[in-house]
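Each remark here refers to the structure printed beneath this line.
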Amino acid sequence: MNCPNCGSPIKEGEIMCSTCRMPVALMSGTPVSPSPIVPTTVEPTYDTKGTIPSMPYQESAPIQTENVQEDLASNQYKNYGEGKKAVTSLKFLVPILFGMILLVFVVFGIYMVIKTYIQDKKIDPKEEVISTYQIEFGEYMYTLSGDLTYSKDSSSHLFHIAPSDNTWSSSLQVIPTTYASARGQKAALKSYFQSTGYTVSEVEEQVYGDSSFLLLKATKGRKKYLLAVTKAGESPNCFGIVIERQDNEYGYDVLETLAKITTNVKYEKQTTSGKGQVDFDFTNALK
C-alpha cells in the first residue's frame with residue numbers, strides 16, 4: 001500500500017508513513033493533498049489625490065528605550081554634575097577641608113597644653129624658692145633640702161615650708177630632746193597642747209618612709225592641724241612639726257614628704273644660738 005498523501009510505500013506493520021508521518025489509520029485510500037501556502041498580497045491604498053500611497057497599519061514590536069534613556073541621563077549627570085547621582089569633586093573636597101580644620105584645632109590645643117605646663121613649671125621671680133635652707137639652734141646649724149618654699153621666722157629655731165602650689169604648709173621647730181625621751185612623754189605632750197587651747201587626740205606612733213612619728217590630731221577653732229614629733233636626722237635633737245592643709249583636713253599625706261626632709265637633714269655645731277616666743281613651743285612640753 002502506498003501513502004495516499006505522499007505516495008510513499010507503506011510497509012506492513014507500520015502505523016504511519018515514514019516520509020510524511022501520516023497515520024495509517026487515517027489512510028482511507030483517498031490521497032490528501034497538502035494545503036498550499038498562498039502568499040498574501042497587500043494592496044496599497046491611495047489618498048484622495050491618488051499620488052501618495054498609503055500602506056495599511058501594521059503593528060511592530062515596541063523598541064525598548066527606557067534603559068537607553070537612563071544610561072544617557074547617567075552620562076549626562078556624570079559630565080555636568082546634575083541629577084540624583086551627580087559625581088563631582090565637591091564631595092571629596094568637603095571632608096578634606098573639615099579634616100584639615102580639625103587637625104589645626106588639635107595641634108593648637110596640644111600647643112596650649114604644653115605652653116601652660118611649661119609656664120606652670122617656671123619659678124615666679126617674686127617667690128623665693130630654694131632647694132636648701134639653714135636654721136640655727138643652740139650650738140647646731142641644720143641644713144634642710146627639698147623642692148619646697150622655705151621661710152624663716154623671727155626666731156632662729158623656727159621655720160616654715162610649703163610646696164609651690166601652697167596646698168599645705170608646715171612649721172618646724174628644733175626640740176632639744178631625743179626621740180626615745182619624747183616617746184616616754186606622750187601624756188605630757190598631749191597635756192601641753194590642751195593647755196594652749198588645742199583639742200587633741202591621744203598620741204599615736206606611725207612610720208612614714210624611714211622616720212617614726214608621734215602624731216596628734218588637733219583642732220583650734222574650726223581649723224584642723226596635725227602635730228608630730230620626729231628625729232632631726234642623726235642629731236641628738238628632734239623636730240616638732242605642725243601641718244596645716246588648705247582643704248582643712250589632717251595632713252597625713254604630707255608626712256611622706258617631711259620624712260625625706262627630716263631624715264636627710266644635715267647638722268653641724270655652731271657657736272651662735274637664738275630663741276624667740278612662738279604660738280606653739282614643743283620645748284615647753286618636752287623638757
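These figures come from a predicted structure and were not determined experimentally. Reckoned from all heavy atoms, side chains included, excluding hydrogens, waters and symmetry mates.
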List the residues meeting side chain to side chain donor-acceptor pair (under 3.5 Å) with [X], not counting sequence neighbours, and say none if there are none.
X: Ser211; result: Thr263
X: Thr199; result: none
X: Tyr267; result: none

Salt bridge (Lys or Arg N to Asp or Glu O under 4.0 Å) pairs, two or more places apart, involving [range]:
range: residues 100-111; value: none
range: residues 200-211; value: Arg183-Glu205, Lys190-Glu202
range: residues 164-179; value: none

Tracing side-chain links under 4.5 Å among I, L, V, M, F, W and Y, which residues wind up in one group with [X]?
X: Phe108; result: Tyr111, Met112
X: Leu103; result: Val107
X: Val207; result: none

Item to check | With Leu97 via side chain to side chain contact (heavy atoms under 4.5 Å, CB included) - residues at least two apart | outcome: Leu93
Checklist entry - side-chain hydrogen bond (donor to acceptor under 3.5 Å, both in side chains): which pairs involve residues 224-235, sequence neighbours left out? => result Tyr142-Ser235
Next on the checklist: Show, in sequence, the C-alpha distance, side-chain angles and deciding distance for Thr167 and Gln246, and conclude whether the side-chain hydrogen bond (donor to acceptor under 3.5 Å, both in side chains) test is met.
Outcome noted: CA-CA 5 Å; Thr167 54; Gln246 295 300 324; over 6 Å; no
Item to check | Contacts of type salt bridge (charged side-chain N to carboxylate O under 4.0 Å, His left out), residue Lys266, not counting sequence neighbours | outcome: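 By the salt bridge (charged side-chain N to carboxylate O under 4.0 Å, His left out) rule, Lys266 matches no residue at all.
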